[in-house]
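Because only heavy atoms are used, hydrogens play no part in the values below, and waters and symmetry mates are left out as well, while side chains stay in. From a predicted model like this one, the values you see are computed outputs, not experimental measurements. Just so you know, ligand 1 is whichever comes first in the structure, and atom 1 is the first atom listed for that ligand.
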Amino acid sequence: MRAWLDGRLLDDPDAPALSIQDHGFTVGDGVFETVKVVAGKPFALSRHLRRLARSAAGLGLPELAEPGVRRAVATVLEGQDLPLGRVRITYTGGVAPMGSGRGDGPPTLTVVADNLQPRPDTTTVVTVPWPRNERGALAGLKTTSYAENVIALAHARERGASEAVFANTVGNLCEGTGSNIFYVVDGELRTPTLDSGCLAGISRELMLEWRPARQVDEPIGVLGRAEEIFLASTTRTCSRCGAVMAASWTHPAP
Ligand SMILES: Cc1ncc(COP(=O)(O)O)c(C=O)c1O
């Protein structure tokens, strides 16, 4: 692993480096991106940086200087042997008082490069009883306030699954904790619209460009009729097609 923090490469990426008063740490006031690295090169970096800027604006964080972020990404990847890896970019409100209000200090930017373990081409997915709030202030933003996903993923793992799928507040299919969902019904490829509250995933965006799918919002139970279900995510790529991963689906017992 190699880590960069606010302008410098850290000698020891495991050593403590952030302030314990960082607002990203104390209240989850931050945004992030996970960028796939293939043969040492970041994949779809421009798209990720655009989404990072959108998420930061949505949270009211100061605008990021893109060339600086690109340099940091290049620095953590330089000279590394990474056939398959990931770069995690995290941008937070910086040091602030212990509460929801922001401080006056500069924001914090970290960039970390690490290995990415390939996953099996197929997996098991469960639905969870908690809704995604498509009308919430964070809907559609990739923020570090991910504790809901942590709980949902733990719920999935307890049931032998590797991903948990949410409905939104009106019961329509939304997304997974770290993936968008595509499914086939009556031979038609479909995926929820962004109005469902799902993240505008980069893999979803690429899928829609490469292989048109109908964007539609329908009750999560539609998965019970699906002939195929796919997860689209930066960190879940099928080893054969490189794009998405197939999933089987389990509805939890009530
Ligand atoms: C909540 C959520 N939805 C969807 C995705 C998929 O997005 P991407 O394809 O950009 O990785 C992610 C990625 O981590 C995510 O966290």
Side-chain angles (χ1 to χ4, degrees), residues 24 28 30-38 42-56 58-59 69 73 84-91 112 114 116-119 123 125-128 130-156 161-169 172-183 190-211 213 215 217 220 229-238 241-247:
V31 295
F32 76 102
E33 283 298 318
T34 298
V35 183
K36 185 160 57 177
V37 175
V38 184
F43 177 73
L45 182 59
S46 298
R47 292 177 192 251
H48 282 284
L49 293 181
R50 280 199 292 274
R51 187 173 63 188
L52 184 68
R54 281 202 309 273
S55 298
L59 230 59
V69 185
V73 170
L84 181 63
R86 70 167 104 186
V87 167
R88 157 93 185 209
I89 305 168
T90 310
Y91 182 54
V112 177
D114 202 1
L116 180 61
Q117 290 307 320
R119 306 210 200 198
T123 193
V125 165
V126 296
T127 54
V128 286
W130 310 288
R132 220 19 144 216
N133 185 354
E134 72 281 13
R135 292 178 295 120
L138 300 183
L141 307 180
K142 195 163 169 71
T143 78
T144 58
S145 296
Y146 252 35
E148 278 194 349
N149 290 325
V150 173
I151 294 172
L153 196 54
H155 181 89
S162 84
E163 180 59 307
V165 174
F166 293 92
N168 61 18
T169 63
N172 285 338
L173 178 61
C174 184
E175 65 178 344
T177 65
S179 58
N180 292 106
I181 311 291
F182 285 80
Y183 55 100
R190 300 180 187 173
T191 194
T193 73
L194 295 181
D195 288 343
S196 71
C198 69
L199 185 73
I202 304 300
S203 318
R204 174 186 183 279
E205 189 176 294
L206 289 168
M207 275 282 290
L208 288 171
E209 288 172 19
W210 291 335
R211 170 77 174 80
Q215 298 182 55
D217 292 317
I220 192 167
I229 301 171
F230 305 96
L231 302 180
S233 161
T234 295
T235 56
R236 290 177 182 265
T237 51
C238 166
C241 71
V244 292
M245 178 174 183

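Under the 3.5 Å distance criterion, the side-chain polar atoms of R51 are matched with a main-chain donor or acceptor of A200. The backbone N or O of I181 lies less than 3.5 Å from a partner atom in the side chain of T191, making a donor-acceptor pair.
When side chains are defined from C-beta on, I229 does not count as touching V125, because their heavy atoms never get closer than 4.5 Å. Between V69 and Y91, every side-chain heavy-atom pair lies at or beyond the 4.5 Å cut-off.
Protein residues having a heavy atom under 4.0 Å from any atom of ligand 1 are R51, R132, K142, Y146, E175, G176, T177, G178, S179, N180, L199, G201, I202, S203, A232, S233, T234, listed by chain and number.
A donor-acceptor pair shorter than 3.5 Å cannot be found between the side chains of R132 and N172.
Just one residue in the list T235, V37, T234 forms a side-chain contact (heavy atoms from CB on, under 4.5 Å) with R86, and that residue is T235.
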